[in-house]
Participant: 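Got a structure for you, written out below as structure tokens; questions coming shortly.
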Amino acid sequence: MTWGTVPEWISAVSTIAALTAILMAVTQMRLQSQQMHRELESQYTQRFWTLWDSRPLTFLETNRISPSDRPWIESYLALCNDQVELRERGRVTDGTWDYWARDIARFFHTYDSLATAAKDGYPSLQKMLESEKTRALFSDDDVVENTVSNRPVYDPLTWKVRKRKSQGLADPK
């Protein structure tokens with residue numbers, strides 16, 4: 001068994017150091033991408049809660065849109081449409097999208113007048129609401145309870161799992 005010469009050892013150590021540096025750089029880029037997604041999602045979550053705090057209680061009680069409710073309704077529809085578009089562009093993580101999609105579906109299922117209002121000027125949201133997967137979230141039993149099933153949700157993002165992982169959207173498992 002020979003240990004080789006000093007230049008061979010230097011070369012081996014340099015190779016290992018370079019591979020370690022590359023691995024660390026890739027890991028850092030993935031973590032940075034995940035952080036950027038989380039910050040964007042946090043902004044939209046804050047936007048939702050600000051909007052939710054100003055919700056019109058008369059609308060929630062009656063499911064009828066009055067002229068005074070219109071600004072809130074349009075803001076909520078725009079928020080939901082933006083959330084769907086962000087997912088479509090690959091800016092929302094899988095876990096957050098699962099939660100957002102179920103929440104949007106639940107709210108629109110409860111307040112069907114919102115679904116009617118969404119037909120004008122909110123194409124991404126309308127596509128989601130009309131999808132088979134969104135309708136399938138509510139079984140006959142769930143309608144009474146207004147709960148969302150565990151079935152897969154509508155997803156406008158068509159990327160494969162490998163690409164979603166590389167972009168920091170899917171949990172690396």
Side-chain angles (χ1 to χ4, degrees), residues 1-55 74-109 114 118 121-139 142 147-173:
M1 174 170 149
T2 64
W3 289 91
T5 63
V6 172
E8 289 174 342
W9 274 99
I10 292 173
S11 176
V13 169
S14 297
T15 301
I16 291 171
L19 290 175
T20 302
I22 291 170
L23 181 63
M24 289 175 62
V26 168
T27 301
Q28 185 62 34
M29 288 186 332
R30 179 181 292 134
L31 291 174
Q32 183 179 8
S33 178
Q34 287 175 337
Q35 181 63 29
M36 289 186 330
H37 291 302
R38 294 289 181 217
E39 287 175 11
L40 180 69
E41 293 166 358
S42 178
Q43 290 174 1
Y44 274 81
T45 301
Q46 183 62 40
R47 183 176 161 193
F48 168 80
W49 284 114
T50 300
L51 191 58
W52 188 252
D53 289 341
S54 68
R55 67 192 179 278
E74 289 176 5
S75 294
Y76 184 73
L77 293 173
L79 171 67
C80 294
N81 195 67
D82 290 349
Q83 288 173 321
V84 176
E85 287 177 351
L86 285 172
R87 176 62 178 177
E88 191 173 34
R89 287 189 243 136
R91 300 292 309 272
V92 177
T93 61
D94 293 353
T96 299
W97 175 249
D98 188 64
Y99 177 77
W100 281 1
R102 290 177 195 285
D103 196 47
I104 291 169
R106 181 184 304 113
F107 200 70
F108 278 85
H109 181 76
L114 279 177
Y122 305 98
S124 296
L125 176 60
Q126 187 60 31
K127 188 175 176 182
M128 176 188 172
L129 295 175
E130 291 176 351
S131 77
E132 191 63 39
K133 284 189 175 180
T134 300
R135 286 193 301 262
L137 288 175
F138 298 94
S139 69
D142 294 333
T147 57
V148 180
S149 73
N150 291 332
R151 294 183 187 118
V153 297
Y154 167 79
D155 194 348
L157 184 64
T158 58
W159 296 354
K160 302 283 185 204
V161 173
R162 186 174 188 173
K163 183 172 182 178
R164 291 196 328 260
K165 282 183 181 179
S166 73
Q167 297 295 317
L169 298 176
D171 293 330
K173 293 180 183 176

Participant: Between D82 and Y44, is a side chain to side chain contact (heavy atoms under 4.5 Å, CB included) present by the stated rule, with each step listed?
Facilitator: CA-CA 9 Å; D82 290 349; Y44 274 81; 3.8 Å; yes
Participant: Are the side chain of S14 and the backbone of I10 linked by a donor-acceptor contact shorter than 3.5 Å?
Facilitator: yes
Participant: Could you state the interatomic distance from NZ (K127) to CD (E85), rounded to the nearest 0.5 Å?
Facilitator: 11.0 Å
Participant: I want to check something: taking the side chain as every heavy atom from C-beta on, are Y99 and V153 in contact at a cut-off of under 4.5 Å?
Facilitator: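 Y99 vs V153: side chains apart.
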Participant: With the side chain counted from C-beta on, respond yes when Y122 and E74 share a heavy-atom pair under 4.5 Å apart, and no when they do not.
Facilitator: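 Yes, side chains in contact.
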Participant: A side-chain contact here means heavy atoms from C-beta on lying under 4.5 Å apart; do N81 and M128 qualify?
Facilitator: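 Contact flag for N81/M128 side chains = no.
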Participant: Find the distance between CZ (R38) and OG (S33) and round it off to the nearest 0.5 Å.
Facilitator: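 Output value for this atom pair is 10.5 Å.
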Participant: Drop me the distance from Y154's OH to L129's CG, to the nearest 0.5 angstrom.
Facilitator: 9.5 Å
Participant: Starting from the C-alpha separation in whole Å, work towards a yes-or-no answer on side chain to side chain contact (heavy atoms under 4.5 Å, CB included) for F108 and C80.
Facilitator: CA-CA 10 Å; F108 278 85; C80 294; 3.8 Å; yes
Participant: Between I104 and L125, is there a side-chain heavy-atom distance shorter than 4.5 Å?
Facilitator: yes
Participant: Below 30° counts as parallel, above 60° as perpendicular, anything between as tilted: where do the rings of W52 and W49 land?
Facilitator: perpendicular
Participant: Give me the atom names and distance for the closest heavy-atom approach of R102 to L137.
Facilitator: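 Nearest heavy atoms, R102 then L137: NH1-CD2, 3.5 Å.
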Participant: Per the side-chain hydrogen bond (donor to acceptor under 3.5 Å, both in side chains) rule, which among R87, H37, R164, E41 passes with T93?
Facilitator: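 With T93 as partner, R87, H37, R164, E41 yield a single side-chain hydrogen bond (donor to acceptor under 3.5 Å, both in side chains), made by E41.
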Participant: Rounded to the nearest 0.5 Å, how far apart are OG1 of T27 and CD1 of I22?
Facilitator: 11.5 Å
Participant: If only side-chain N and O atoms count, and only distance matters, is there a donor-acceptor pair under 3.5 Å linking Q32 with Q28?
Facilitator: no
Participant: Report the distance from atom CG of L169 to atom NZ of K163, rounding to the nearest 0.5 Å.
Facilitator: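 With rounding to 0.5 Å, CG (L169) is 9.5 Å from NZ (K163).
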Participant: Is there a side-chain contact between V84 and W100, using heavy atoms and a 4.5 Å cut-off?
Facilitator: no
Participant: Might you point out which heavy atoms bring K165 and A170 nearest each other, and give the distance in Å?
Facilitator: CG-CB, 3.7 Å
Participant: So, taking the atom named CD in Q83 and the one named CZ in F48, what distance separates them when rounded to the nearest 0.5 Å?
Facilitator: 8.0 Å
Participant: Does the side chain of P152 come within less than 4.5 Å of D98's, by heavy atoms?
Facilitator: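 D98 vs P152: side chains apart.
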Participant: Using modelled atom types and a 3.5 Å cut-off, is there a donor and acceptor pairing between side-chain atoms of E8 and backbone atoms of T5?
Facilitator: yes
